[in-house]
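Reading through the structure tokens given below for one structure.
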Amino acid sequence: MADVRGSHRVILDPADGRMGIGSGGSVSQHADANRWQVTATLPALYPEWLGDRGFTEAHGVRFPYVGGAMANGIATVTMVAELARAGCLGFFGAAGLSLGRVEAAIEQLHALNLNFGWGVNLIHSPAEPALEEAVADLLIRSEVRCVEASAYMALTPAIVRYAATGLSRDAQGEVQRRNRVLAKISREEVARHFLQPMPRNILEALRDRGQLSATEVELAATLPVCEDVTVEADSGGHTDNRPLTALLPTIARLRDRISATHGYAQTIRIGAAGGLGTPAAVAAAFALGAAYVQTGSVNQSCIESGLGISARAMLAKAEMADVIMAPAADMFELGVDVQVLRRGSMFAVRARKLYELYRTNSSLETIPSAERDKLERDILRTTVDAAWQSTRSFWLSRDPAQAARADADPRHRMALVFRSYLGLSSRWAIDGLDDRAADFQIWCGPSMGAFNSWVRDSFLEAPEQRSVAQVARNLLEGAAVLTRAQQLRSFGVPIPAAAFDFRPRPLG
């Protein structure tokens with residue numbers, strides 16, 4: 001059973017009911033060959049065939065595999081390019097970056113002449129709607145043909161405009177999309193927004209602003225924002241910690257009901273993300289019906305990651321239980337959490353303390369002196385006043401309205417100061433600022449620990465040996481092997497346990 005992925009024939013001895021297996025070619029002919037009967041044949045199984053062929057065709061990629069956009073440029077241009085060259089789809093992590101940084105990354109990606117296999121993240125930014133609009137406008141002007149839409153709670157003009165721009169009919173009358181959206185969701189109520197036709201009120205407002213044509217509005221009103229919905233289970237960063245086995249079938253049924261109601265000509269594909277750090281997990285996702293799989297946490301420890309070397313080393317030591325929830329920088333005031341690495345970092349504890357101070361105080365000035373001393377000494381490492389001046393300077397250059405609001409609203413000023421620590425903590429991990437290693441914010445899900453356990457004693461154990469292409473190829477190859485082993489077992493063939501233990505190996 002060294003290779004259970006290739007073609008096989010299941011054969012039966014009618015004399016005593018014994019079952020055997022022939023690998024490749026034809027069943028050998030010998031003296032008693034006539035008593036053996038071929039009862040079933042299984043064609044070879046390749047990683048390319050695990051998901052929905054429609055996904056690979058639509059996106060021009062070889063494999064049904066996506067490298068998700070990790071914010072602050074952790075999903076780097078280099079990472080995206082390596083995934084694209086390996087036949088996968090990669091997304092640049094634009095969230096949290098300035099418009100200039102995003103524009104520079106897009107220019108670099110265009111210059112690589114990748115043609116297919118890449119896109120850019122468009123994240124919902126309720127605290128900075130103008131930035132979200134500006135990024136969407138940049139994506140359209142720069143002819144970025146694919147985006148990963150993340151953290152959306154409802155549709156905004158930005159994501160609707162991107163999806164509707166360029167809609168047209170071909171000679172056969174079929175609607176053609178210029179721009180494609182992969183919407184990452186983890187709740188039914190959010191999935192509904194992406195599965196139903198684009199809201200006419202938003203479309204008409206965009207038309208009135210001159211951002212969509214009348215034709216684009218009419219076509220968009222009959223279509224959902226996207227043809228691909230990524231169901232995100234327990235993952236790093238923003239997550240609802242949902243189990244994939246419950247979430248994906250639920251969203252698939254919702255998709256079927258909404259599609260039937262609106263009579264969509266194109267099937268909306270459902271992908272799987274969250275917890276996919278081993279071949280068994282990837283195989284399970286495809287067995288659930290996923291059209292494609294998406295990885296995130298495991299890619300952060302790879303050499304193409306934007307994380308600093310020390311942060312990647314911390315990830316490579318993580319076990320499954322070494323994760324914890326902590327307040328999110330981008331949705332701090334809403335009480336939204338993200339999942340981060342706990343082992344080796346005090347970030348989660350300190351971030352939780354900041355949220356408690358925000359919840360129980362009306363301003364920085366009302367924080368009790370003892371608590372304020374601890375805040376300045378252990379977390380901010382500067383005075384509250386100095387922290388505010390630095391924060392104010394940042395917002396004056398990024399979004400002056402935030403600074404003006406904070407000048408008039410002491411509680412908002414407190415929130416911005418605390419968000420500054422939350423934002424800088426991820427930057428310290430990216431820059432490898434070891435003096436702040438105890439404050440590193442590293443987004444991470446349990447799949448990181450599962451991955452580390454799987455690659456132990458293999459060439460992928462050392463973080464300096466991990467590449468996103470090798471990780472992707474091994475996860476997919478292993479998923480194909482495990483899927484074939486299960487197929488053979490379902491025919492009654494006695495399959496040894498070793499057939500379900502695919503070990504990492506260098507793959508071309």
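Treat the numbers as computed from the prediction; the structure is a model and nothing was measured.
- Listed for the Glu304 side chain is a donor-acceptor partner under 3.5 Å among the backbone atoms of Val468.
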Is there a side chain to side chain contact (heavy atoms under 4.5 Å, CB included) between Thr156 and Ile159? Walk through the geometry before answering. CA-CA 6 Å; Thr156 66; Ile159 188 63; 3.8 Å; yes

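- Panel note: side chain Ser150, backbone Lys184; no donor-acceptor pair is recorded below 3.5 Å.
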Enumerate, atom names and distances included, each donor-acceptor pair closer than 3.5 Å involving a side-chain atom of residues 353-361, sequence neighbours excluded.
from, atom 1, to, atom 2, distance (Å)
Lys353, NZ, Glu371, OE1, 3.2
Lys353, NZ, Glu371, OE2, 3.2
Tyr358, OH, Arg411, NH1, 3.1
Thr360, OG1, Glu356, O, 2.7
Asn361, ND2, Leu357, O, 2.9

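- Salt-bridge annotation for Arg352 and Asp337: present, with a side-chain N of the basic residue lying under 4.0 Å from a carboxylate O of the acidic one.
- The main-chain N or O of Ala136 is never found under 3.5 Å from a side-chain atom of Arg161 such that the two would form a donor-acceptor pair.
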Atom pairs and distances, donor-acceptor, side-chain atoms in residues 64-72, under 3.5 Å, two or more places apart:
from, atom 1, to, atom 2, distance (Å)
Tyr65, OH, Thr295, OG1, 2.9
Asn72, ND2, Ser426, OG, 2.9

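- The closest donor-acceptor contact from the side chain of Thr267 to the backbone of Arg269 lies at 3.5 Å or more, if one exists at all.
- Remark: Glu333 pairs with Arg419 by the salt bridge (Lys or Arg N to Asp or Glu O under 4.0 Å) rule, at least two apart or across chains.
- When atom types are taken as modelled, the side chain of Thr222 and the backbone of Leu219 share a donor-acceptor pair closer than 3.5 angstrom.
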Take Val144 and Leu138 through the test side chain to side chain contact (heavy atoms under 4.5 Å, CB included) and record every step on the way to the result. CA-CA 9 Å; Val144 174; Leu138 172 64; over 6 Å; no

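- Judged purely by atom type and a 3.5 angstrom limit, Glu376 uses its side chain to pair as donor or acceptor with the backbone of Val384.
- In this structure, Trp118 and Leu109 approach most closely via the heavy-atom pair CE3-CD1, 3.5 Å.
- Among pairs with a residue in residues 84-106, those fulfilling side-chain hydrogen bond (donor to acceptor under 3.5 Å, both in side chains) read Glu82-Arg85, at least two apart in sequence or across chains.
- The pair Arg207-Glu218 does not count as a salt bridge, with every side-chain nitrogen at least 4.0 angstrom from each carboxylate oxygen.
- Between Arg427 and Asp431 there is a salt bridge, since at least one side-chain N of the basic residue sits less than 4.0 Å from a carboxylate O of the acidic one.
- The two residues Ala406 and Leu416 make their nearest non-hydrogen contact at CB-CD1, 3.8 Å.
- The side-chain heavy atoms of Leu254 and Arg192, taken from C-beta on, include a pair separated by under 4.5 Å.
- Salt bridge annotation for Arg377-Asp373: absent, with no cationic side-chain nitrogen under 4.0 angstrom from a carboxylate oxygen.
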Assess whether side chain to side chain donor-acceptor pair (under 3.5 Å) is satisfied between Thr230 and Tyr292, documenting all intermediate values. CA-CA 8 Å; Thr230 306; Tyr292 58 94; 2.7 Å; yes

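- In terms of modelled atom types and a separation under 3.5 Å, the side chain of Asp322 and the main chain of Arg342 share no donor-acceptor contact.
- Panel note: side chain Ser125, backbone Glu132; no donor-acceptor pair is recorded below 3.5 Å.
- Other residues, nucleotides and ligands contribute more than 12 heavy atoms inside 6.0 Å of the CG atom of Leu99.
- A donor-acceptor contact shorter than 3.5 Å links the side chain of Ser425 to the backbone of Leu422.
- Under the 30°/60° scheme for interplanar angles, the aromatic rings of His124 and Tyr152 are found to lie parallel.
- Shown here is Arg343, whose CZ atom has more than 12 heavy atoms of other residues, nucleotides or ligands within 6.0 Å.
- Around atom CE of Met320, no more than 12 heavy atoms belonging to other residues, nucleotides or ligands sit under 6.0 Å away.
- Annotation: side-chain contact (heavy atoms from CB on, under 4.5 Å) contacts of Ala326 (sequence neighbours excluded): Val340, Phe347, Ala348, Ala351.
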Intermediate values then yes/no, side chain to side chain contact (heavy atoms under 4.5 Å, CB included), Gln294 and Glu148: CA-CA 11 Å; Gln294 177 171 314; Glu148 179 189 73; 2.7 Å; yes

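- The nearest pair of heavy atoms linking Ala75 to Met79 is CA-SD, 3.8 Å.
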I would like to know whether Asp240 and Leu247 meet side chain to side chain contact (heavy atoms under 4.5 Å, CB included); could you show each step before the answer? CA-CA 11 Å; Asp240 286 316; Leu247 185 60; over 6 Å; no

Verdict with reasoning, Asp234 to Gln339, per side chain to side chain donor-acceptor pair (under 3.5 Å): CA-CA 9 Å; Asp234 196 7; Gln339 190 158 221; 2.9 Å; yes

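- In summary, Arg180 and Asp228 do not engage in a salt bridge, as defined by a charged side-chain N under 4.0 Å from a carboxylate O.
- In terms of modelled atom types and a separation under 3.5 Å, the side chain of Ser453 and the main chain of Ala450 share no donor-acceptor contact.
- Under the ring pair (Phe, Tyr, Trp, His ring centres under 6.0 Å) criterion, no residue pair touches residues 362-402, with sequence neighbours excluded.
- Across every non-hydrogen atom of Leu195 and Pro224, the tightest pair is O-CB, 3.6 Å.
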